[in-house]
Protein chains: 2
Amino acid sequence: MTFSPLLMHLIDSLRCMPGIGRKSAQRIAFHLLERDREGARELSAALAESVQGIGHCGRCRMLTEHETCNICAATGRDISLLCAVESPADVMAVEDATGYRGLYFVLMGHLSPLDGIGPDELGMSALESRLGDGTVNELIIATNPTVEGDATAHYLADLAGQHNVQASRIAHGVPLGGELEYVDGGTLSHAFFGRRVVD
Amino acid sequence: MTFSPLLMHLIDSLRCMPGIGRKSAQRIAFHLLERDREGARELSAALAESVQGIGHCGRCRMLTEHETCNICAATGRDISLLCAVESPADVMAVEDATGYRGLYFVLMGHLSPLDGIGPDELGMSALESRLGDGTVNELIIATNPTVEGDATAHYLADLAGQHNVQASRIAHGVPLGGELEYVDGGTLSHAFFGRRVVD
């Protein structure tokens, strides 16, 4: 015994979202149909509009409905600095936490040959032409400190080297408020070998 | 700094779903736009169709796009048995696990005066007319064993009594495979006082 066809179809469709299994999809479907049809209608419209309208920024690959995103389009940012990140959320994190006023390049993923994600999928040729046009002095590599993020960072550093652009990577170490005793060994070892002279 | 207006609108709209906060909504939006636009398009259509098409079964209040749900419309079920449950998922659970061949009444919630959910919101008048039409011999109350579920169960039992319909409630006790030592006190006390003569 199953639900009616339309309800089953809704539950199946909800499962296209990451982290949503059968039970969550059921719960969401019942909630929307019982308590929030207005929200469901709005979500439906927002999804359709977004799929239709949102593409990538022509310069940095950020998700945007405009031709260039508002960071690339902004005046007064330092075009000699370029920061490579894995996802749009990382751009937000850097913007919100740091005073960085340079530009970004959003890879939309990391190198992962097993999943078929190579340099082409990450828009490396677009990055290369930006590194080659003579405006960029430093490429700040802010990929995640994971195996794939590290591999991507190496690739990016090589690319920068080929175009005589200085590459740097954001520091990895003990997070503020963390205690040495409870930090994992890899992080501590990173922090130890990455020590800096106190001046 | 925020995302582009359309992307922000999508993220906000995704938050109408229960259990989805800001971070999850972001993650879902990026996933759909980056990796599964087809899924997003389908979800949008399914939501629109469902909101438009799915209503309640005229007899049992189950969610369905037809006038009566397929359980109420089925022939060969025992119309003298009526089982009251809180949600459509509970109907599925009872159907899948038990050999029950009677009909259902889906309350779509439980009594919760603080949230403004009283007998009217649970369709009690429709239930009353079914209890009063002389076909139902037993009302099986299968609301959840929570405070609100218990209150609803009492209300339902009263209603059945008024129409001279026998009311029963599904047993609460130690779940199969559970160990007495680790079962909570309330459940164990329930199981103890609900003991049955072994024959």
Side-chain angles (χ1 to χ4, degrees), chain A residues 1-7 9-20 23-24 26-57 62-66 69-71 87-89 91-92 95-96 108-109, chain B residues 1-7 9-20 23-24 26-57 62-66 69-71 87-89 91-92 95-96 108-109:
Chain A
M1 154 77 207
T2 55
F3 295 111
S4 69
L6 193 49
L7 187 50
H9 178 60
L10 174 61
I11 292 171
D12 284 343
S13 303
L14 284 165
R15 294 185 60 187
C16 72
M17 299 187 288
I20 304 295
K23 288 265 173 182
S24 302
Q26 270 188 23
R27 201 163 58 95
I28 291 171
F30 298 153
H31 173 87
L32 293 179
L33 290 169
E34 271 312 297
R35 314 231 174 281
D36 196 6
R37 285 184 180 237
E38 197 37 59
R41 227 174 263 123
E42 239 171 71
L43 175 56
S44 167
L47 280 167
E49 271 175 59
S50 299
V51 167
Q52 180 71 30
I54 295 180
H56 294 286
C57 168
M62 181 75 174
L63 290 168
T64 179
E65 66 267 31
H66 305 298
C69 72
N70 44 11
I71 294 181
S87 84
V91 173
M92 292 304 123
E95 282 289 295
D96 288 349
M108 293 290 171
Chain B
M1 155 79 207
T2 55
F3 296 110
S4 69
L6 193 49
L7 187 51
H9 179 58
L10 175 61
I11 293 171
D12 284 344
S13 301
L14 284 164
R15 295 186 58 186
C16 72
M17 298 187 289
I20 305 295
K23 288 266 172 182
S24 304
Q26 272 188 18
R27 201 162 59 96
I28 291 170
F30 296 153
H31 173 87
L32 293 179
L33 289 170
E34 271 313 297
R35 316 231 173 278
D36 197 7
R37 284 182 181 236
E38 197 37 60
R41 227 174 260 121
E42 239 172 68
L43 176 56
S44 167
L47 281 166
E49 271 175 58
S50 300
V51 167
Q52 180 70 28
I54 295 179
H56 294 284
C57 167
M62 180 75 172
L63 289 170
T64 178
E65 66 266 30
H66 306 296
C69 71
N70 44 8
I71 295 181
S87 85
V91 173
M92 292 303 123
E95 282 288 295
D96 290 348
M108 293 288 170

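Note on naming: letters A, B, ... go to the chains in the order of the sequence lines (proteins, then strands), and numbering restarts at 1 for each one.
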Side chain, backbone, both or neither: which part of [X] has a heavy atom under 4.5 Å from chain B?
X	result
A:Glu65	both
A:Arg15	neither
A:Glu49	both
A:Leu6	both

Determine the option with the most heavy-atom pairs under 4.5 angstrom with chain A, choosing from [options].
options	value
B:Cys69, B:Pro5, B:Ser87	B:Pro5
B:Ser44, B:Ala46, B:Ala89	B:Ser44
B:Ala29, B:Gly19, B:Pro88	B:Pro88

Legend entry - Test log, rule side-chain contact (heavy atoms from CB on, under 4.5 Å), inputs B:Leu63 and A:Glu34: CA-CA 9 Å; B:Leu63 289 170; A:Glu34 271 312 297; 3.5 Å; yes

Chain B: which of [options] shares the most heavy-atom pairs with it under 4.5 Å?
options	value
A:Ser13, A:Ala48, A:Ala45	A:Ser13
A:Ile20, A:Leu7, A:Ile54	A:Ile54
A:Gly39, A:Ser50, A:Ala40	A:Ser50

Legend entry - side-chain contact (heavy atoms from CB on, under 4.5 Å) evaluation trace for B:Met108 with A:Phe30: CA-CA 9 Å; B:Met108 293 288 170; A:Phe30 298 153; over 6 Å; no

Inset, instruction - Hey, could you give me the CD/NE2 distance between B:Glu42 and A:His9, rounded to the nearest 0.5 Å? - result: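 Reported value, rounded in 0.5 Å steps: 5.5 Å.
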
Legend entry - Rounded distance (nearest 0.5 Å) linking atom SG of A:Cys16 with atom CG of B:Asp36: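 Interatomic distance, A:Cys16 SG to B:Asp36 CG, rounded to 0.5 Å: 5.5 Å.
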
Inset, instruction - Please look at B:Ile28 and chain A and tell me whether the side chain, the backbone, both or neither of the residue comes under 4.5 angstrom of a heavy atom of that chain. - result: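 Contact with chain A is through both the backbone and side chain of B:Ile28.
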
Legend entry - Flag if over 12 foreign heavy atoms under 6.0 Å of CD, B:Glu38: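 Yes, because the 6.0 Å sphere around CD of B:Glu38 holds more than 12 heavy atoms from other groups.
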
Inset, instruction - For residues B:Arg37 and A:Val51, report the shortest heavy-atom separation together with the two atoms involved. - result: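 Closest approach of B:Arg37 to A:Val51: NH1-O, 3.0 Å.
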
